[in-house]
Amino acid sequence: MTTATLEALKLTERINRIEPSATMAVVAEADKLRSEGADVVDFGAGEPHFSTPQHIKDAAIAAIQGNFTKYTAVAGTAELRDAIAHRHKVDFDSDYRRDQIIASVGGKHALFNALQVLVDHGDEVILPVPYWVSFKDIIRYAGGNCVLLRADESQGFRVTAESVAQLITPRTKAIVLNSPSNPSGAVMSPQDMTEVIRLAHERGIWVLSDECYVYLNYTGKNFSVGSLGEYKDRFVVLGSLSKTYAMTGWRLGYAMAPAAVTSAMAKLQSQCTSNPTSIVQKAAVAALKGPQECVGEMRREYIELRDHVVKGLRSIPGITCTLPEGAFYAYPNISSFLGRGGLKSASDVAGRLLREAHVATVPGEGFGTGDHIRVSYATTKTELDRGVERMRKFFGAL
Ligand SMILES: Cc1ncc(COP(=O)(O)O)c(C=O)c1O
């Protein structure tokens, strides 16, 4: 649509502040090619290739059969919120009460609600780069201004309290942390995280810690800011079942925060979606309270896949790739190809990789960097090999 047509529709100023998710755009284009018969290797999707574990599915089926199909409390059932608190306490030594927890329709929804209740027009939010696509747009939708913290690739995209401190102004309202990170896979050390939390607490700034990949940490040191109880009046822990239990389509995420924040979020949610789906809440309880071996098994496989794909990508002349320490993304640097074969940007690279080599990746611009593409390795080794070989040929011919 042209700008003139959009203006004639009189859509709100706030909806024009944001863009559709770059990741979703790739999924749509890859789907289109596939529907036309192309054999696309999909490194674009940000979701596990595993099926949801059986005991979780069984709990949802039992919930349907048992007619657990009515509205629940807006913030989720007491049973679910207690299960979230229990799991987090066992795994991260945190101490949250039921009224400090809200379950939402996915982690993205919890993040959206948290930013809406904490960020006002003109507030500044410090956002480390590369960032997950939705952070920027959700902050903007709330009226906030993103203050970008450019993390150094040669330092593994490390975010430190020192680098955060340099960006704090009287307007700083919040800092977003995301460890392990989508898209870089970078993991903050417990010490760096603690120092940022301490700094923010001292300055009266909120930290929103998106920990949706917290169980996909390959450093051997799973860490949640939730364990830093003495500072908890200034941070929000955001979690999700999507990646941990291969439940992306079920839509269940949560926030843990001071009760004043969770109740404001529940007020907003009560005027929007109301409760997350009742059946899904039962499945989530089964996930959180049931056997956790499935999480470890998936984690072990991701580590193998990570090693496999990074080795493959690094073997392509001209590509460099930091070792991701968590999540399921590699973030290869493709800048040596810019200026070659008519390629001007990471978007050009991802676009041509998709159209010419039939490999779907996500261009770095959506994550705030112009030198990278994101490769999701949540797939099989065979697919990784097929995709990497196509990339080798594509880049080799430039
Ligand atoms: C960093 C990060 N946060 C939050 C989410 C949201 O996940 P969901 O809404 O499926 O819980 C994602 C999904 O890709 C993510 O990568």
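These numbers come from a predicted model, not from an experiment. Indexing begins at 1, ligand by ligand and atom by atom, following the structure's order. The basis for the numbers below is simple: all heavy atoms, side chains too, and nothing from hydrogens, waters or symmetry mates.
Counting atoms of ligand 1 from 1 in the listed order, those under 4.0 Å from a heavy atom of C212 are 2 (C), 3 (N), 4 (C), 5 (C), 12 (C), 15 (C). Ligand-side atoms of ligand 1 in range of S240: 8 (P), 11 (O), range being under 4.0 angstrom from any heavy atom. Within ligand 1, the atoms closer than 4.0 Å to a non-hydrogen atom of S242 are 8 (P), 10 (O), 11 (O), numbered from 1 in the order shown. Residue G106 approaches ligand 1 through these ligand atoms, each under 4.0 Å from one of its heavy atoms: 9 (O), 11 (O). Atoms of ligand 1 found under 4.0 Å from any heavy atom of N178 (numbered from 1 in listed order, with element): 1 (C). Each of the atoms 8 (P), 9 (O), 11 (O) of ligand 1 lies under 4.0 Å from some heavy atom of G107.
Nearest protein neighbour of atom 3 (N) of ligand 1, counting heavy atoms only, is D210 OD2, 2.5 Å. In this structure, atom 9 (O) of ligand 1 lies nearest to the protein heavy atom R251 NH2, 2.7 Å. For atom 15 (C) of ligand 1, the nearest protein heavy atom (residue, atom name, distance) is W132 CE2, 3.5 Å.
Of all the heavy atoms of K243, the ones lying under 4.0 Å from any atom of ligand 1 belong exclusively to the side chain.
From D58, atom CG reaches atom NE2 of H55 across 9.0 Å, with rounding to the nearest 0.5 Å. Atom CG in D210 sits 5.5 Å away from atom CG in L238 (nearest 0.5 Å).
The shortest heavy-atom contact between R140 and R17 is O-NH1, 2.8 Å. Here the shortest heavy-atom pairing between V309 and A330 reads CG1-CB, 4.4 Å.
Using a distance-only test at 3.5 Å, with no hydrogens or angles considered, a donor-acceptor pair links the side chain of R374 to the main chain of G44.
With Y215 as the fixed residue, the ring pair (Phe, Tyr, Trp, His ring centres under 6.0 Å) test singles out one of F223, F328, F92: F92.
Between D42 and R34 there is a salt bridge, since a side-chain N of the basic residue sits under 4.0 Å from a carboxylate O of the acidic one.
For the pair Y213 and ligand 1, the shortest N or O to N or O distance falls below 3.5 Å.
A cation-pi arrangement is absent between K243 and Y213, since the terminal nitrogen or guanidinium carbon is not both under 6.0 Å from the aromatic centre and inside a 45° cone about the axis.
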